[in-house]
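One structure below.
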Amino acid sequence: MKGNESCPRRQPAALVLPAPAPYNAALLTGKWQAFPMLDPKLLRAQPEVVAAQLARRGFVFDLERFRGLEARRKALQTETEKLQAERNAGSKRIGQAKGKGEDVSPIFEDMERIKGQLAGNEQALAALQAEFEDFVLGLPNIPHASVPDGRDEDENVELRRWGAPRTSAGAKDHADLGEALGLMDFAAAAKLTGARFTVLRGALARMQRALIQFMLDVHTQAHGYEELYVPYIVNAASLRGTGQLPKFGEDLFALRNTGAEDRDWRLIPTAEVPVTNLLRDEIQEADALPRKWVAHTPCFRAEAGAAGRDTKGMIRQHQFEKVELVQATLPEDSQRAHEELTAHAEAILKKLELPFRTVALCTGDLGFAAAKTYDLEVWLPSQQRYREISSCSNFEDFQARRMLARYRHAQTRKPELLHTLNGSGLAVGRTLVAILENYQDGEGGIAVPAALQPYLGGMQRIAPAPRA
RNA sequence: GGAGAGAUGGCCGAGUGGACGAAGGCGCUCCCCUGCUAAGGGAGUAUAGGGUCAAAAGCCUUAUCGCGGGUUCGAAUCCCGCUCUCUCCGCCA
């Protein structure tokens, strides 16, 4: 999920950010994490550092508002807790006095006063804490130090290319190819539902299923992931855990008639949500890490802000299939795991012999929850350019903090936040698109990638429909 | 969908409105004893916040016994609503 849309890229001239605070090595290379960002302790201790780091990705951190909220919270909370302590002590004294048969009426007078003050205070504090939480939940993750600075996708950095792209003109796009084969039907889907859906038939429907099977097999057998089957409907707590809520509710399909008034169920936008949330409120033993999970699910996205983009074909749909990789690691291992997970996604493209490139997203293009992201972009001959087919991100402790996903430190035996990562391995619909376009034979037929043939009963080519 | 039972710490399990963040047991950690793949003895062992501190330690403090409300000076305990789990009936892939 990209969060950059809602992050203003230009700062108003009136707002002058303080000079970045001196690089605090102790804070940034703490006992178990390189970037303990959005840690409330750091937020309070050095909000300017947070502001400066978030500014890298074009996010304006409202220092003044934060400081105001924080000052009010501190005063109110201290006072409220003092009153609570008085009340608790008073109650205890009543119990003790009664046990000895003493008169308790003077204590009661005192309690009456405390009770009155507490009622108002507790209400005000709850409201203030809710406001504070909203503010903090709206803060995106801090880019990792290795993420290149930049404003938008034009400043992403290409890391490597693989394969030889077909640069000759005349390649048909996947929608034309699929419709000509009679195996891809957008009109039928529009009748059934509306725009941005697809009906696949025959060999293409089967090829999509084969791709799912193929990807799952590679990741479970060659890359060591455990396969999961998970719910396609999740609750709000799960969406908050991975960062989709509260900020990106517009991108999600919400369900009605769920059987309970206050039940807030949504269709998953990615398997990341149910899979990563398995860790929510759990403490892993250190030797159980890394956890490596792979799941195939359909994904549902409202595409609220995408009107007019990629309107033709299967590139941007409300419903698509994806095979998702998720890892949970020790903090010190997440950087290495990120490289590894990206390589696992790349392996699928290589086995399918699809030309692609790997880019490092710049700070301005990073998703809301990500500290660092590599996108894999596959070559689409009809567009003569690379298009995203996988996004592999390291979230460090950002999701873990929201989810309270922890592990027990081997030495200290204390619970510590773990790191989470995920990546598409791959987006299946777009993989199908890429195969159609890259394997078109110029006569309306589509060759089947060698790696996929065993999953299609040895089929080597999808032949064009006979002319009527 | 109908009827009933339940939810307490890593696990099992006790808990009379007041000394309960919670007996006891298991597990785990450390120590002692023991010449030995055993047994015994002792100590410790929930989590998340806030304050203080340059920081850590420490100290002070709040909250948490499924979740949310309520009664009360005081709630694991009483009342109401909800969620989940289990059993039986019905329906169903």
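The structure presented is a predicted model; accordingly, all values stated were derived computationally and were not measured. When reading the values below, keep in mind they use all heavy atoms of this one structure, side chains included, and skip hydrogens, waters and symmetry mates. Each chain gets a letter, A, B and so on, in the order its sequence line appears, and its residues count up from 1.
Using atom P as the reference point in both rU64(B) and rA57(B), the two lie 25 Å apart (nearest Å). If you take atom P in rC84(B) and the same atom in rC30(B), they sit 42 Å apart, rounded to whole Å. Using atom P as the reference point in both rU62(B) and rA3(B), the two lie 44 Å apart (nearest Å). Rounded to whole Å, the C1' atom of rU61(B) lies 23 Å from the corresponding atom of rU72(B). With both ends at atom P, the span from rG49(B) to rG35(B) equals 49 Å, rounded to whole Å. Atom name C1', nucleotides rG15(B) and rA19(B): the rounded distance is 15 Å, in whole Å. Spacing between rG24(B) and rG41(B) at atom P, rounded to whole Å, works out to 15 Å. Taking the C1' atoms as reference points, rG68(B) lies 27 Å from rA14(B), given to the whole Å.
Position along RNA chain B of the nearest nucleotide to I283(A) versus P40(A) favours I283(A) as the more 5'-ward residue. Both G95(A) and R87(A) lie near RNA chain B, and the one whose nearest nucleotide falls closer to the 5' end is G95(A).
For the residue pair P290(A) and Q327(A), the shortest heavy atom distance occurs at CB-OE1, 4.3 Å. Of all the heavy atoms in A369(A) and N141(A), the pair that sits closest is O-ND2, 3.0 Å.
Pair check for rA14(B) finds none; no Watson-Crick or G-U wobble contact set falls under 3.5 Å. Pair assignment for rC59(B): rG51(B), on the basis of Watson-Crick or G-U wobble contacts that are both within less than 3.5 Å. Pair assignment for rC65(B): none, as no Watson-Crick or G-U wobble contacts are both less than 3.5 Å. Nucleotide rU29(B): paired with rA43(B) (Watson-Crick or G-U wobble, both distances less than 3.5 Å). With a cut-off of 3.5 Å on both Watson-Crick or G-U wobble distances, the partner of rU37(B) is given as none. rU72(B) is unpaired under the criterion used here, namely a Watson-Crick or G-U wobble arrangement in which both key atom distances are under 3.5 Å. If you check rU83(B) for Watson-Crick or wobble pairing at under 3.5 angstrom, you find it paired to rA7(B). Within the shown strands, rG2(B) is the pairing partner of rC88(B) under the Watson-Crick or G-U definition, both distances less than 3.5 Å.
Rounded to whole Å, atom P of rC53(B) lies 16 Å from atom CZ of R44(A). In this structure, L128(A) places its CG atom 18 Å from P of rG49(B), rounding to the nearest Å. Put simply, CD on E282(A) is 15 Å from C1' on rA46(B), counting in whole angstrom units. Computed from coordinates, the Q129(A) CD to rG50(B) P distance equals 10 Å when rounded to whole Å. We find that CZ of R93(A) is positioned 14 Å from C1' of rG18(B), with the value rounded to whole Å. Look at CD on Q84(A): it is 17 Å from P on rC73(B), rounded to the nearest Å. If you take CD of Q117(A) and P of rC73(B), they are 17 Å apart, rounded to a whole angstrom. Rounded to whole angstrom, the span from the CZ atom of R73(A) across to the P atom of rA63(B) amounts to 16 Å.
For E303(A) and R196(A), the salt-bridge test fails: no basic side-chain N is under 4.0 Å from an acidic carboxylate O. Remark: E70(A) engages R73(A) in a salt bridge, criterion side-chain N to carboxylate O under 4.0 Å. The pair D149(A)-R56(A) meets the salt-bridge criterion, with a side-chain N (NZ, NE, NH1 or NH2) lying under 4.0 Å from an Asp/Glu carboxylate O.
Proximity of K115(A) to the phosphate of rU71(B): no side-chain N or O atom is located under 4.0 Å from OP1 or OP2. Proximity of K92(A) to the phosphate of rA19(B): no side-chain N or O atom is located under 4.0 Å from OP1 or OP2. Between N88(A) and rA63(B) there is a side-chain N or O to OP1 or OP2 distance below 4.0 Å.
Which of rU47(B), rG74(B), rA19(B) sits closest to the side chain of Q96(A) comes down to rA19(B). The K74(A) side chain lies nearest to rU52(B) when the options are rU62(B), rC73(B), rU52(B).
In the interface, the side chain of E81(A) is paired with the base of rG49(B) through a donor and an acceptor atom under 3.5 Å apart.
Exactly one of H296(A), Q208(A), R430(A) qualifies for a side chain to side chain donor-acceptor pair (under 3.5 Å) with E321(A). That residue is H296(A).
Contacts of R113(A) with the nucleic acid, taken as non-hydrogen atoms under 4.0 Å apart, are absent.
Ring centroids of F398(A) and F368(A) are separated by less than 6.0 Å, placing the two rings close together.
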